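Accompanying notes for the structure given below.
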Amino acid sequence: MRTFIIVLVIAVVAAAGIAGYIFFRPAIDDLRSSSQPGVVIDDPAEISARVIAFVQPPYRDDYGNMRVAGYVDNVGDRALKTVNISIELRNSESDLEETIEHDLNNVPAGERTWFDIEGGTWGGPRTPSISVPSVEVVQ
């Protein structure tokens, strides 16, 4: 009976360790990639080969503020330490009303990262366009 309990305890500890590793692995990978040096890329052709960015029209939240949501796809084979996005918001006459700059950190290779940014006070409908001026690739 004593041997059975010892084997059971070892099995439970091993299962807990495996479950912990699986659960905490994304956080460990993010920590590992954020501490590694990166190379900043600002060439538009190279950026478009690594990143696809999308933004939807802004919406008004429950507090009357403007929110801008979208995502960035890392289509490359290396993690991106930082993706710098620039969102231009134009009114119905196509006049530039606002420009929002935002950095997304730790975008894993082959994955999508969503964003939802506060854009200030709601000023009416806006037409968004997104660009990616630079990315920092983990070496």
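Computed from a predicted model, the values in this text were never measured in an experiment. We count residues from 1, following the sequence as given.
Residues meeting the salt bridge (charged side-chain N to carboxylate O under 4.0 Å, His left out) test with R112, sequence neighbours left out: D73. Shown here are the ring-ring contact (aromatic ring centres under 6.0 Å, His included) partners of Y71, two or more places apart in sequence or in another chain: F54, W114.
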Going through the checks in order, is the side chain to side chain contact (heavy atoms under 4.5 Å, CB included) test met by E111 and N74? CA-CA 6 Å; E111 292 192 23; N74 178 353; 5.8 Å; no

Applying side chain to side chain contact (heavy atoms under 4.5 Å, CB included) to V138 and R78, what does each step give before you reach the verdict? CA-CA 7 Å; V138 174; R78 295 169 70 189; 5.9 Å; no

Go through it in stages, so that I can follow the logic: the residues are I87 and T99, the test is side chain to side chain contact (heavy atoms under 4.5 Å, CB included), and I'd like the CA-CA distance, side-chain angles, deciding distance and then a yes or no. CA-CA 6 Å; I87 301 169; T99 301; over 6 Å; no

Under 3.5 Å, side-chain donor or acceptor atoms of residues 120-135 against the rest of the protein: list the pairs with distances, not counting sequence neighbours.
from, atom 1, to, atom 2, distance (Å)
R126, NE, E98, OE1, 3.2
R126, NH1, G123, O, 3.3
R126, NH2, G123, O, 3.2

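For the atom pair CE (M66) and CD (E97), the distance works out to 9.0 Å, reported to the nearest 0.5 Å. For the atom pair CD1 (I100) and CZ (F115), the distance works out to 9.0 Å, reported to the nearest 0.5 Å. The distance from the CG atom of N84 to the CG atom of D103 is 5.0 Å, given to the nearest 0.5 Å.
Between the side chains of S86 and E101, at least one donor N or O sits under 3.5 Å from an acceptor N or O.
Apart from I52 itself, the hydrophobic cluster it occupies contains V75, where clustering links Ile, Leu, Val, Met, Phe, Trp and Tyr at side-chain heavy-atom distances under 4.5 Å. Taking Ile, Leu, Val, Met, Phe, Trp and Tyr as members and joining any whose side-chain heavy atoms lie under 4.5 Å apart, directly or through other members, Y59 forms no hydrophobic cluster with any other residue. Within the hydrophobic cluster formed by Ile, Leu, Val, Met, Phe, Trp and Tyr side chains joined at under 4.5 Å, directly or through other members, I10 is accompanied by I6.
For the pair V40/T82, no side-chain contact is recorded, criterion being any heavy-atom separation below 4.5 Å from C-beta on. The side-chain heavy atoms of V137 and R50, taken from C-beta on, include a pair separated by under 4.5 Å. Here the side chains of L89 and V68 are in contact, with some heavy-atom distance below 4.5 Å.
For CG of D95, the number of neighbouring non-hydrogen atoms (other residues, nucleotides, ligands) closer than 6.0 Å is greater than 12.
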